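What you see is a predicted model; the values in this text were computed from it and never measured.
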Amino acid sequence: MTSATDDGPPLGIDAPARLGRTALPDGRRLAWAEWGPPEGRPVLLCPGGATGRTLGFGTHLLDDLGVRLLSVDRPGLGASDPAPGRTLTDWADDVAALLAARGIRRPHLVGYSQGVPFALACAAHGLATAVSAVSGSAEPSAPELADALSPDVRAMVAAVARDPEDAEATVAASADAASMWDMVTAGCAPADRAVFRHRAFAHAFRQAIERGFAQGPGGFARDTVLTMGRWPFTLTDITVPVDLWYGEDDASMFHSHHLSEPLVRELPLAHRHIVRHAGGLLLWTHAEAVLRALLRHGEV
């Protein structure tokens, strides 16, 4: 990235309108951020890897769409209390408790990148009206994906299968905000490089990563093991509509549309959107399309 600009369409990264922490039954607290009208239709975001709650999307659209966007730090990330040894099922239980405490019933869900399996876990446990899974892979440990994975991802999947605790410790020993930023921005598609040239967007994204690592690397390391291992639910358990969104030019080794076939085949109500001339950051570049398609599900 050799230049920076703020030209181009809005990317919807306004600061949160409301911040808070909600106590769970076991005494831990989940930290959340909100945008949009408090009485709007709730949309819950499961953020990408290591990014804190403060990075929203489509925030310039929420008033017109009547959307209350809620983003949550997963345990050990940002300002949410850690939960050593947690599972994807535990995350669904945490979200259920958070929703009950905040008076929200069956929101629409958005999962981005590493957040996709967390959103799908919530849907598998009956917490969602519909899901948008944006730039997300199918279960990386599924045998049918082995030949489609990059060598680095294949090695990570094998390490998790062999010894999850050792794999988690290895990730924690090497992960920090700077290396995460480098991984996100290095070798990304031209469409994504153009987005990162927006000064405000690059600042907000990098700040979200720094906040995600505020407690150290443990939360991200645990997330990585959970997403790279076997998921504790089957896709056929998810009986609500799931829109799968991919940028045709996404160059990431973690969430190319080539890794989506099991999702398309096994989710009962899946619809895949492959957006031309878009990269992995289409949650921001195509926020309106993502939100409008999501909100059409459940309309009466």
Legend entry - Option from Leu45, Leu69, Leu99, Thr129 for which side-chain contact (heavy atoms from CB on, under 4.5 Å) with Pro107 holds: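 With Pro107 as partner, Leu45, Leu69, Leu99, Thr129 yield a single side-chain contact (heavy atoms from CB on, under 4.5 Å), made by Leu99.
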Under 4.0 Å between a side-chain nitrogen and a carboxylate oxygen: does that hold for [X] and [Y]?
{"X": "Glu34", "Y": "Arg102", "answer": "yes"}
{"X": "Arg296", "Y": "Asp243", "answer": "no"}
{"X": "Arg230", "Y": "Glu139", "answer": "yes"}

Inset, instruction - Output yes when a side-chain donor or acceptor of Asp237 lies under 3.5 Å from a complementary backbone atom of Thr234, and no otherwise. - result: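 It does hold such a pair.
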Legend entry - Trace of the salt bridge (Lys or Arg N to Asp or Glu O under 4.0 Å) decision for Arg21 with Asp81: CA-CA 10 Å; Arg21 301 176 78 197; Asp81 294 332; 3.0 Å; yes
Pair [X], [Y]: side-chain N/O donor-acceptor within cut-off below 3.5 Å:
{"X": "Thr54", "Y": "Arg211", "value": "yes"}
{"X": "Ser179", "Y": "Asp182", "value": "no"}
{"X": "Thr59", "Y": "Asp14", "value": "yes"}

Roughly how far apart are [X] [atom1] and [Y] [atom2], rounded to 0.5 Å?
{"X": "Leu226", "Y": "Gln114", "atom1": "CG", "atom2": "CD", "answer": "9.0 Å"}
{"X": "Leu109", "Y": "Ser132", "atom1": "CG", "atom2": "OG", "answer": "9.5 Å"}
{"X": "Arg74", "Y": "Cys46", "atom1": "CZ", "atom2": "SG", "answer": "6.5 Å"}
{"X": "Ile274", "Y": "His257", "atom1": "CD1", "atom2": "NE2", "answer": "5.0 Å"}

Legend entry - Exceeds 12 heavy-atom contacts within 6.0 angstrom, atom CG of Asp147: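 Incorrect, the count does not exceed 12.
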Inset, instruction - Hey, can you tell me if Phe201 and Phe205 have their rings parallel, tilted or perpendicular (30° and 60° cut-offs)? - result: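 Tilted.
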Legend entry - Residue pair Trp181, Phe196: steps toward the ring-ring contact (aromatic ring centres under 6.0 Å, His included) verdict: CA-CA 11 Å; Trp181 171 256; Phe196 279 121; 5.4 Å; yes
Minimum heavy-atom distance between [X] and [Y], given as atom pair plus value:
{"X": "Gly280", "Y": "Asp192", "answer": "N-OD2, 2.8 Å"}
{"X": "Thr236", "Y": "Glu266", "answer": "CG2-O, 3.6 Å"}
{"X": "Leu24", "Y": "Ala97", "answer": "CD2-CB, 3.9 Å"}
{"X": "Pro217", "Y": "Ala172", "answer": "CG-O, 3.2 Å"}
{"X": "Arg193", "Y": "Cys188", "answer": "NH1-O, 2.7 Å"}
{"X": "Ala146", "Y": "Arg154", "answer": "O-NE, 2.9 Å"}

Side-chain touch [X]/[Y], heavy atoms, less than 4.5 angstrom:
{"X": "Val116", "Y": "Ser137", "answer": "no"}
{"X": "Leu77", "Y": "Asp223", "answer": "yes"}
{"X": "Ile104", "Y": "Leu70", "answer": "yes"}
{"X": "Trp91", "Y": "Val95", "answer": "yes"}

Legend entry - Geometric cation-pi criterion Arg18 and Trp32, 6.0 Å radius, 45° cone: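 Judged by the rule (NZ or CZ under 6.0 Å from the ring centre, within 45° of its axis), Arg18 is not positioned above Trp32.
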Inset, instruction - Would you kindly check if the NZ (Lys) or CZ (Arg) of Arg272 is within the cone defined by 45 degrees around the ring axis of Tyr246 and under 6.0 Å from the six-membered ring centre? - result: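 Verdict for Tyr246: no cation-pi partner in Arg272.
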Legend entry - CA sep, side-chain torsions, deciding dist, call: Arg68, Glu39, salt bridge (Lys or Arg N to Asp or Glu O under 4.0 Å): CA-CA 7 Å; Arg68 171 189 179 187; Glu39 71 282 0; over 6 Å; no
Inset, instruction - Would you check if the distance from the ring center of Trp35 to the ring center of Phe57 is below 6.0 Å? - result: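 Distance test on ring centres: not under 6.0 Å, no.
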Legend entry - side-chain contact (heavy atoms from CB on, under 4.5 Å) between Arg276 and Asp249, worked out: CA-CA 7 Å; Arg276 296 186 63 193; Asp249 299 332; over 6 Å; no
